A.B. asks: 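This is the structure, below, for whatever I ask next.
Not measured: the values here are computed from a predicted model. We use all heavy atoms of the structure for the numbers below, so side chains are in, but hydrogens, waters and symmetry mates are not. Chain identifiers are assigned alphabetically (A, B, ...) following the order of the sequence lines, protein sequences preceding nucleic acid strands; residue numbering begins at 1 within each chain.
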2 protein chains.
Amino acid sequence: MLSIGELSRRTNVKVPTIRYYEQIGLMPPPPRTEGKQRRYGADDVSRLNFIRHARDLGFDVEAIRELLELSEKPDQSCAEADRIARRHMVEVERRIEQLTALQAELRRMVEECSHDRVGECRVIQVLADHGQCAHERH
Amino acid sequence: MLSIGELSRRTNVKVPTIRYYEQIGLMPPPPRTEGKQRRYGADDVSRLNFIRHARDLGFDVEAIRELLELSEKPDQSCAEADRIARRHMVEVERRIEQLTALQAELRRMVEECSHDRVGECRVIQVLADHGQCAHERH
DNA sequence: CTACAATCTCTAGCAACTAGAGGTTCGAGC
DNA sequence: GCTCGAACCTCTAGTTGCTAGAGATTGTAG
């Protein structure tokens, strides 16, 4: 049996975060020692790795909750897991596009700056007047 | 003089958000009517547009605070504004790279899925085992 | 002058943690 | 067996940038 610190070291998830995951129901409440300290088993390591990996890939807690539930029913169709992953993929795609447009605007702003006084600073000017932006929306 | 609702309509910043900006010191406390309702002038419209635009470009409140301060000193060198914008640009760049790597991983995961049972689902498998990922870090 | 939309302040909530206070337990070394 | 310090415990509050309500007051059109 592992202490919470040992579990933390093996999964690279911080101790308070593990307790937090327990609190919000991502991790099941583990058995305790007589002194009320948490003790974990191999299953907990797997589950927490799963959570960690999904978080790293940007899934939110709700999605992870669903994915965890699914992973416990190996006989069910995986269409749902697919749907969750795809939905998230679309979200990420959208975010990348957004950031890329934004990046272009920022670059233009910085490149056009003459590095002189604030009064002539392109950065400040553009911020003050959206009309000077290349794109209508960001 | 504009009511807060009017200011909101002209800048596309929601009323509670305007009050919030006042609270955190991005917007100055405006004069009030006898009944304590806020009244705004043209300068406030400009300032709020500046803030809105900077937020849209992803600057955080602290950066905006600095940029606003700078914009009030037109004679100062704009090196600082440059620095802030560049710093932010680097951040955005990094975020895009991160998301792109993540996106690739997600796509691979979804594409390799056989759409069968959860037991064979690539999505679930990959999440459960980071070793099946193309990249070490994400 | 009345009705009602808009405003006011205040508190609490969101996501996903992180930080700290103040107290208890575990386990290695003697 | 005993001690001591690291690790653990619970609880509350803070982070960012808002958003959502409650319940009261004000502005204004008809």
Side-chain angles (χ1 to χ4, degrees), chain A residues 1-27 29-40 44 47-48 50-68 84 87-88 91-92 95 98-99 102 138, chain B residues 1-27 29-40 44 47-48 50-68 87-88 91-92 95 98 102 138:
Chain A
M1 298 297 263
L2 311 174
S3 70
I4 197 167
E6 211 18 60
L7 178 63
S8 167
R9 247 162 277 133
R10 296 202 191 181
T11 56
N12 281 312
V13 176
K14 288 178 191 157
V15 168
T17 304
I18 297 173
R19 287 196 279 250
Y20 170 70
Y21 286 159
E22 180 183 332
Q23 201 187 296
I24 63 171
L26 278 193
M27 289 295 287
R32 307 278 189 130
T33 63
E34 240 174 82
K36 308 215 172 195
Q37 297 198 357
R38 293 167 177 82
R39 285 300 114 107
Y40 294 95
D44 295 309
R47 192 182 177 93
L48 192 49
F50 186 106
I51 295 171
R52 159 102 214 268
H53 197 186
R55 284 295 301 134
D56 284 350
L57 285 168
F59 287 96
D60 63 25
V61 167
E62 251 351 275
I64 296 175
R65 210 186 292 277
E66 295 178 61
L67 288 168
L68 278 168
I84 295 171
R87 188 183 57 195
H88 179 49
E91 274 302 304
V92 172
R95 186 82 186 115
Q98 214 179 62
L99 285 176
L102 198 144
H138 38 232
Chain B
M1 298 297 263
L2 310 173
S3 69
I4 197 167
E6 209 21 58
L7 179 62
S8 169
R9 247 161 276 131
R10 295 202 192 181
T11 55
N12 282 311
V13 176
K14 288 178 191 153
V15 168
T17 304
I18 298 173
R19 287 196 278 251
Y20 169 70
Y21 286 158
E22 180 182 333
Q23 200 186 298
I24 63 171
L26 278 194
M27 289 294 287
R32 308 277 190 132
T33 63
E34 241 173 80
K36 309 215 171 194
Q37 297 198 359
R38 292 166 177 84
R39 286 300 113 108
Y40 294 95
D44 295 310
R47 192 180 176 94
L48 192 49
F50 187 106
I51 295 171
R52 158 102 216 266
H53 197 186
R55 284 295 300 135
D56 285 350
L57 286 168
F59 287 96
D60 63 26
V61 167
E62 249 354 272
I64 296 175
R65 210 187 292 280
E66 294 178 61
L67 288 168
L68 278 168
R87 187 183 57 195
H88 179 50
E91 275 301 305
V92 172
R95 186 83 185 115
Q98 212 179 61
L102 197 144
H138 38 229

A.B. asks: Is the shortest heavy-atom distance from the side chain of Glu6(A) to the side chain of Arg9(A) under 4.5 Å?
C.D. replies: yes
A.B. asks: Are Ser3(B) and Arg39(B) close enough that some pair of their side-chain heavy atoms sits under 4.5 Å apart?
C.D. replies: yes
A.B. asks: From the 5' end of DNA chain D to its 3' end, which nucleotides mark the outer limits of contact with chain A, defined by a 4.0 Å heavy-atom distance cut-off (strictly under)?
C.D. replies: dC8(D) to dT10(D)
A.B. asks: Looking only at non-hydrogen atoms, find the nearest pair between Val92(B) and Leu99(A) and report the distance.
C.D. replies: CG1-O, 3.8 Å
A.B. asks: Within the 4.0 Å limit for protein heavy atoms, which parts of nucleotides 3-25 of chain C are touched? Write it as a string from 5' to 3', B for base, S for sugar-phosphate only, - for none.
C.D. replies: ----SSB------BBS------S
A.B. asks: Measuring only between side-chain heavy atoms, which start at C-beta, is Pro29(B) closer than 4.5 Å to Glu22(B)?
C.D. replies: yes
A.B. asks: Is any side-chain N of the basic residue among Arg87(B) and Glu91(B) closer than 4.0 Å to the acidic one's carboxylate O?
C.D. replies: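 No, no charged N to carboxylate O under 4.0 Å.
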A.B. asks: Does some side-chain heavy atom of Tyr40(A) sit less than 4.5 Å from a side-chain heavy atom of Leu48(A)?
C.D. replies: no
A.B. asks: Which atom names give the shortest non-hydrogen contact between Leu68(B) and Ile51(B), and what distance separates them?
C.D. replies: CD1-CG1, 3.9 Å
